[in-house]
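Report on the structure given below.
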Amino acid sequence: MLDMRSLVSFCDYFVIASGTSLRQVNALRDSIQEGLLEDKIKPLSRAEANDRSGWIVLDYSAVVVHIFHEPMRDFYALEHLWAEAKKIRIAKPA
């Protein structure tokens with residue numbers, strides 16, 4: 001997760017995740033959307049089902065989630081593009 005508050009005005013955080021296959025990327029998207037919807041948190045727009053692009057963006061206003069297929073994550077390297085952002089580690093669930 002990147003703290004974007006001091007760098008941009010359109011969000012507070014980027015969450016960056018990746019999957020080893022397009023199927024896994026879509027499953028991550030579904031899991032995130034379903035989990036947040038349980039808390040009545042809806043994205044500003046809907047991500048396309050069965051996305052084949054290798055990069056899905058979920059915009060929750062203050063938090064923008066980027067889910068990459070690993071080769072796309074390496075290619076776009078958002079962590080390097082936004083190197084000035086403070087990195088925040090998210091603990092793995094128990």
Side-chain angles (χ1 to χ4, degrees):
M1 186 163 69
L2 301 178
D3 185 338
M4 303 298 289
R5 293 176 292 182
S6 65
L7 301 173
V8 300
S9 61
F10 58 86
C11 72
D12 293 338
Y13 299 97
F14 276 179
V15 174
I16 303 171
S18 55
T20 58
S21 68
L22 293 175
R23 175 178 269 181
Q24 192 176 50
V25 168
N26 282 289
L28 286 167
R29 179 211 53 227
D30 293 345
S31 179
I32 291 167
Q33 286 182 327
E34 290 167 10
L36 291 173
L37 196 55
E38 287 176 7
D39 291 328
K40 300 188 182 2
I41 300 170
K42 296 179 183 178
L44 296 179
S45 61
R46 297 287 296 165
E48 186 175 324
N50 297 314
D51 187 278
R52 310 297 297 163
S53 71
W55 183 1
I56 296 174
V57 178
L58 303 174
D59 187 349
Y60 289 93
S61 188
V63 177
V64 177
V65 180
H66 299 269
I67 310 168
F68 288 99
H69 184 222
E70 284 180 349
M72 297 294 278
R73 182 172 180 172
D74 294 339
F75 179 79
Y76 285 105
L78 290 186
E79 295 93 339
H80 298 292
L81 180 65
W82 295 101
E84 317 84 55
K86 179 181 176 189
K87 292 180 177 77
I88 301 170
R89 288 263 180 218
I90 300 174
K92 291 183 181 181

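Heavy-atom basis, side chains included; hydrogens, waters and symmetry copies ignored.
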Steps toward side-chain contact (heavy atoms from CB on, under 4.5 Å) verdict (I32, I67):
CA-CA 10 Å; I32 291 167; I67 310 168; 3.8 Å; yes
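- Side chain of H69 to backbone of T20: a donor-acceptor contact under 3.5 angstrom is found.
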Begin from the C-alpha positions of R73 and E79 and carry the test side-chain contact (heavy atoms from CB on, under 4.5 Å) through to its verdict.
CA-CA 9 Å; R73 182 172 180 172; E79 295 93 339; 2.4 Å; yes
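- Follow the hydrophobic side-chain contacts under 4.5 Å out from Y60 and you reach I88 in the same cluster.
- Rounded to the nearest 0.5 angstrom, R46 CZ and L58 CG are separated by 9.0 Å.
- Shown here for E48 and N26, the closest heavy-atom pair between the two residues is O-OD1, 4.3 Å.
- Placement of L44 and V65 in two distinct hydrophobic clusters is found when ILVMFWY residues are connected by side-chain heavy-atom separations under 4.5 Å, directly or transitively.
- In this structure, CD in Q24 is found 13.0 Å from CZ in R29, a value given to the nearest 0.5 Å.
- Counting Ile, Leu, Val, Met, Phe, Trp and Tyr side chains that sit under 4.5 Å apart, directly or through other members, V64 shares a hydrophobic cluster with L2, M4, L7, V8, F10, F14, I16, W55, V57, F68, M72, F75, Y76, L78, L81, W82.
- The shortest side-chain heavy-atom distance between I56 and V25 falls under the 4.5 Å cut-off.
- Going from atom CG of D59 over to atom NE2 of H66 covers 9.0 Å, rounded to the nearest 0.5 Å.
- When all heavy atoms of S61 and C11 are compared, the pair lying nearest together is O-CB, 3.4 Å.
- Here the side chain of D39 pairs no donor or acceptor atom with the backbone of I41 at under 3.5 angstrom.
- Between A47 and Q33, the closest heavy-atom pair is N-NE2, 3.9 Å.
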